[in-house]
Number of protein chains: 2
Amino acid sequence: MVKNGVKRDIPEEIEKKYGNYESAFSRKPVYSRATNQVTAVHPGDSKMLSTVREAIEAAGLKDGMTISFHHHFREGDAVMNMVMEEIAKLGIKNLSIAPSSISNIHEPLIGYIKDGIITNITSSGLRDNLGAAISSGLMENPVIIRSHGGRARAIETGEIHIDIAFLGAPSSDEYGNVNGIKGKAPCGSLGYAKMDAKYADKVIILTDTLVPYPNTPISISQTDVDFVVKVDSIGDPDGIAKGATRITKNPKDLLIAENAARVIEASPYFTEGFSFQTGTGGSTLAVAKYLAETMRQKKITASFALGGITQQMGDMLEEGLVDNIIDVQTFDKGGIQSMINNPNHYEIDAGFYASPGNKGAAVNQLDIVVLSALEMDTDFNVNVLTGSDGVIRGASGGHNDTSAASKMSIICCPLIRGRIPTIVDSVNTVITPGETVDVVVTEIGIAINPKREDLKDRFKSLSIPQFTMKELKEKAYKIVGKPKAIEYGDKTVAVIQYRDGSIIDTVNNII
Amino acid sequence: MVKNGVKRDIPEEIEKKYGNYESAFSRKPVYSRATNQVTAVHPGDSKMLSTVREAIEAAGLKDGMTISFHHHFREGDAVMNMVMEEIAKLGIKNLSIAPSSISNIHEPLIGYIKDGIITNITSSGLRDNLGAAISSGLMENPVIIRSHGGRARAIETGEIHIDIAFLGAPSSDEYGNVNGIKGKAPCGSLGYAKMDAKYADKVIILTDTLVPYPNTPISISQTDVDFVVKVDSIGDPDGIAKGATRITKNPKDLLIAENAARVIEASPYFTEGFSFQTGTGGSTLAVAKYLAETMRQKKITASFALGGITQQMGDMLEEGLVDNIIDVQTFDKGGIQSMINNPNHYEIDAGFYASPGNKGAAVNQLDIVVLSALEMDTDFNVNVLTGSDGVIRGASGGHNDTSAASKMSIICCPLIRGRIPTIVDSVNTVITPGETVDVVVTEIGIAINPKREDLKDRFKSLSIPQFTMKELKEKAYKIVGKPKAIEYGDKTVAVIQYRDGSIIDTVNNII
């Protein structure tokens with residue numbers, strides 16, 4: 001075991017392979033951008049194939065290859081299961097899958113893992129039954145958890161090489177020009193899929209809506225696409241918003257949101273032309289609502305809003321509170337409609353959004369991000385991956401990307417959830433290192449990272465109680481007691497990469 | 001000497017290096033896409049530099065490197081001269097320059113060549129005094145002439161590796177997000193520049209209009225840009241249209257245009273949803289005018305117009321005669337305004353336009369292209385590079401790309417120009433091989449490539465006189481006599497690459 005920069009013990013063979021996390025910006029890569037294999041297409045060559053099976057065969061899928069999918073349809077995605085079913089029928093084994101994320105709907109993966117069809121996974125996260133199965137030790141090789149920016153970096157540097165990308169497309173022409181705003185199941189931005197299309201050797205478009213050539217705007221370009229397959233359905237847009245994007249009615253969450261909005265308003269960054277990202281979980285959507293009210297009152301407008309985008313952001317754009325939306329992933333139908341209506345609602349890819357490997361991601365320009373947490377600890381470390389039982393059920397997402405790169409990262413975190421303390425001595429799993437977190441907002445008050453002397457000064461006059469993280473933890477423990485230690489086994493079931501590729505933590509199996 | 005597929009003798013050392021042209025589609029590359037060096041940018045890092053000189057030094061320009069420029073400002077470009085002047089002052093020598101093309105305004109290059117600052121050039125073409133100087137043997141190494149699609153392919157495959165790209169930007173933010181439709185000197189599409197930005201190791205943006213972050217739409221992305229320099233002027237948009245884009249009033253040219261329009265209308269491709277590209281020289285702009293009239297009459301609309309785009313195309317788009325414009329280069333202010341106004345006037349890069357090396361260029365989807373010629377011969381070969389005196393004064397452009405990939409290529413070519421025959425036994429220089437040319441249109445009639453039996457049948461009822469190329473040549477010779485042979489020296493001053501990278505011809509010095 002080798003201790004890393006957030007005091008986690010990392011098994012030597014993993015440390016050797018990736019290097020340990022030191023600090024948020026200790027790596028500044030200079031590298032040759034990853035290459036991919038291109039097969040030229042002549043005039044008259046058709047890219048259309050009749051079935052997913054034909055496309056798998058035409059692309060030359062073989063045992064041991066890496067394939068990828070995007071998760072823009074989230075719980076509504078039909079593509080990964082459809083493709084895996086055909087692959088299973090073809091008897092192909094030992095695949096690595098590298099989807100941008102995995103949802104509950106992908107539970108059939110459990111069977112493919114058991115059958116040896118899938119032997120490696122990298123993903124932003126794992127949910128429900130698949131997460132539980134992995135946490136119980138289902139796989140021989142640990143899952144590699146990467147942030148959205150980290151996945152982009154891994155693709156750009158060649159750390160992930162995708163042999164074949166299977167990309168669901170709300171609309172495509174026969175030559176593979178794709179966007180997410182036309183068709184019978186629009187999903188808005190195709191930000192994650194754009195990376196795979198640029199860097200995979202073979203790119204297969206699966207679409208349920210073929211449109212005449214040329215299909216503009218072009219999110220994925222014909223110049224990167226090998227094959228196009230018409231299928232009945234690529235997914236259910238109703239599944240995109242499932243669970244994630246309703247504004248909370250929970251009074252505690254609303255109180256946290258109001259506190260967070262007041263922190264933003266009192267911060268040095270809340271000035272004309274500021275920029276922000278708010279997440280979609282718990283309190284974070286409500287923050288934007290409160291923030292919008294103050295922006296109206298004080299006549300302050302934002303230069304841009306970033307990130308996963310909802311109707312709420314679209315409304316702020318149309319109202320003129322926000323000048324631009326830069327959108328890597330659209331979270332609801334209102335958000336999709338906003339992208340259709342507004343040229344200033346602009347689609348970007350995951351590298352542009354958050355990669356620490358390119359010549360400058362949008363998160364580097366971000367003033368304020370509001371994030372949520374499953375758990376935080378007295379070192380300000382954040383866990384958004386494993387539950388209080390140690391089981392994998394969340395996702396890294398853009399959490400550590402935005403927290404590190406923004407000027408002020410705010411984590412909204414209730415003191416307790418049910419009978420479980422949320423602020424603890426040490427989080428089960430570190431996704432976001434405490435050094436990149438600036439302010440923690442709870443229902444009873446805030447904690448400012450001691451590193452940020454400037455913010456401590458600034459917020460002196462703020463009439464929200466201020467605590468240390470240790471004080472918050474003690475208050476939580478006082479109410480519900482200290483949580484019992486989780487009983488882990490010896491097997492590493494997940495390796496947590498920090499956005500820069502270093503190892504920030506590992507997750508062991510649950511006994 | 002080794003004879004190639006258009007019966008040209010190619011010096012052995014050149015044949016050895018690139019391979020000889022065999023036929024239009026004999027190469028179908030499978031390759032690893034070219035890579036470039038990326039230096040990651042952290043939050044807080046600034047890309048802004050004060051002067052061109054600082055940028056040259058920051059990018060690490062050294063003797064022997066390859067640098068590039070785009071030619072979207074054509075005769076109005078201020079960037080190449082500005083940068084070369086600074087480079088000369090720094091005493092850097094032995095550079096290769098790889099601009100997308102070179103205009104008259106770049107005559108100062110002659111001095112830099114004489115001084116050993118520039119020792120290699122690749123370009124689409126050369127004009128006036130620079131062309132004459134090169135043709136007289138100014139350079140030790142031959143210039144490599146590449147088509148627009150061929151340059152894109154050469155960049156994609158790594159045949160051209162750009163160390164530093166100096167890219168003029170009508171508008172940019174401080175992080176390097178660039179477009180050509182905002183700012184004080186808009187140029188419309190940045191199709192050629194987009195290639196360089198993606199593949200160069202270092203990308204320097206020179207802009208005269210800095211705008212707030214994020215500058216959308218994004219033609220060149222912050223993720224590809226290293227440095228941004230604010231300069232007084234990047235060019236004069238009035239220079240874009242100079243000479244190239246007025247509709248002819250010459251009665252002979254108008255007659256040719258009318259004949260070409262009638263050929264199109266009688267062709268099997270003139271059906272609902274057809275696609276076309278018309279050039280900007282001589283008759284070709286007028287063709288679109290006549291074509292538009294017939295489209296109105298017959299209520300036929302085009303799915304897309306491709307290529308260098310003028311106001312005329314914008315007008316056809318707004319009238320509903322054309323559904324989409326896909327634009328690699330905008331040729332006049334009306335064209336630029338059309339791109340600003342219409343989301344269906346869509347910007348593409350040079351690879352998307354015409355590269356034979358990617359997974360399918362737009363030219364592959366093109367039904368009809370109308371092109372011009374300086375000279376044609378009885379084998380249908382086309383010369384658009386050298387004058388009747390053998391001196392380089394033209395450009396390859398998208399000529400052989402579109403002629404090869406479209407379903408029907410029409411060359412508008414007067415029988416004679418002044419006292420010089422335009423249709424000859426053998427062209428001075430082959431840019432476009434005759435096998436890819438379908439119909440030649442002159443003021444007295446047309447010639448159909450014997451390969452195209454189908455078109456011969458189809459055009460039987462067309463009331464335009466039909467000739468063989470030999471007959472047309474004889475008619476030309478009868479009027480003005482057979483042209484005197486040009487006296488060439490022994491030095492190869494230009495190597496003509498076909499779009500696929502093979503050598504289709506060479507040009508020797510003029511004695």
Side-chain angles (χ1 to χ4, degrees), chain A residues 25 27-45 47 153 156-158 175-176 203 212-214 216-218 221-226 273 275 303-304 323-324 326 343-344 346 348-349 351-352 355-366 404-407, chain B residues 25 27-45 47 153 156-157 175-176 203 212-214 216-218 221-226 273 275 303-304 323-324 326 343-344 346 348-349 351-352 355-366 404-407 500:
Chain A
F25 294 103
R27 294 186 180 185
K28 192 168 187 170
V30 178
Y31 63 95
S32 286
R33 196 189 296 262
T35 180
N36 60 334
Q37 203 190 55
V38 178
T39 304
V41 171
H42 278 178
D45 294 351
K47 298 185 181 181
R153 178 204 52 74
E156 288 160 349
T157 58
Y175 224 39
V203 176
Y213 184 91
T216 59
I218 298 170
S221 163
Q222 63 181 42
T223 58
D224 291 322
V225 171
D226 295 276
S275 61
S303 56
F304 69 94
D323 292 337
N324 298 274
I326 25 188
N344 286 351
Y346 202 79
I348 55 168
D349 67 37
F352 192 111
S355 168
N358 60 34
K359 294 177 181 177
V363 290
N364 294 355
Q365 295 288 329
L366 191 61
S406 63
K407 294 198 181 69
Chain B
F25 294 103
R27 293 186 181 186
K28 191 167 187 171
V30 178
Y31 63 96
S32 285
R33 196 189 296 260
T35 178
N36 60 334
Q37 203 190 57
V38 178
T39 305
V41 171
H42 278 176
D45 293 352
K47 298 185 182 183
R153 177 204 51 74
E156 289 161 347
T157 58
Y175 224 39
V203 175
Y213 183 91
T216 59
I218 299 169
S221 163
Q222 63 182 43
T223 57
D224 292 322
V225 171
D226 295 276
S275 60
S303 57
F304 70 93
D323 292 337
N324 298 274
I326 26 189
N344 286 350
Y346 201 81
I348 55 168
D349 67 37
F352 191 110
S355 168
N358 61 35
K359 294 178 180 176
V363 291
N364 295 355
Q365 295 288 329
L366 190 60
S406 64
K407 294 198 180 69
D500 67 0

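Numbers restart at 1 for each chain; the letters A, B, ... are given by sequence-line order, proteins then strands. Quick caveat: nothing in here was measured; it's all calculated off a predicted structure.
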One option among A:Val30, A:Val363, A:Asp323 has the most heavy-atom pairs under 4.5 Å with chain B, and it is A:Val30

Which atoms of B:Asp45 are under 4.5 Å from chain A, going by heavy atoms: the side chain, the backbone, both sets, or neither? side chain

Nearest heavy-atom neighbours spanning B:Asn324 and A:Thr216: OD1-OG1, 3.5 Å

Which answer fits A:Lys407, side chain, backbone, both or neither, if we ask what part of it has an atom under 4.5 Å from a heavy atom of chain B? neither

Could you tell me whether a side-chain N or O of A:Lys359 sits under 3.5 Å from a main-chain N or O of B:Ser221, the two making a donor and an acceptor? no

Which pair of non-hydrogen atoms, one from B:Ala361 and one from A:Tyr175, has the smallest distance, and what is that distance? O-CE2, 3.6 Å

Measuring from atom CD1 of A:Ile218 to atom CZ of B:Phe352, what distance do you get when rounded to the nearest 0.5 angstrom? 3.5 Å

Ranked by heavy-atom pairs below 4.5 Å to chain B, first place among A:Gly176, A:Pro356, A:Ala362, A:Ser275 goes to A:Ala362

Roughly how far, to the nearest 0.5 Å, is the OG1 atom of B:Thr39 from the OH atom of A:Tyr31? 9.0 Å

Donor-acceptor check, side chain of A:His42 to backbone of B:Ala405, threshold 3.5 angstrom: yes or no? no

Does any backbone or side-chain atom of A:Tyr346 lie under 4.5 Å from a heavy atom of chain B? Answer side chain, backbone, both or neither. side chain

Option in B:Ala40, B:Ser303, B:Gly44 with maximal non-hydrogen atom pairs under 4.5 Å from chain A: B:Ala40

Closer than 3.5 angstrom, by distance alone: can the side chain of A:Asn364 be matched with the main-chain N or O of B:Val41 as a donor-acceptor pair? yes

Do any N or O atoms from the side chain of B:Gln222 and from the backbone of A:Gly360 form a donor-acceptor pair under 3.5 angstrom? yes

Which atoms of B:Val38 come close to chain A, meaning under 4.5 Å heavy atom to heavy atom: side chain ones, backbone ones, both, or neither? both

Sidechain-backbone polar pair: A:Thr35 side chain, B:Thr35 backbone, donor-acceptor under 3.5 Å: no

Which bit of A:Arg27 comes within less than 4.5 Å of chain B, counting heavy atoms only: side chain, backbone, both or neither? backbone

B:Val203, part contacting chain A, at a heavy-atom distance under 4.5 Å: both

Taking B:Pro214 as the fixed residue, which of A:Asn344, A:Ile326, A:Ile348 is the one that meets the side-chain contact (heavy atoms from CB on, under 4.5 Å) rule? A:Ile326

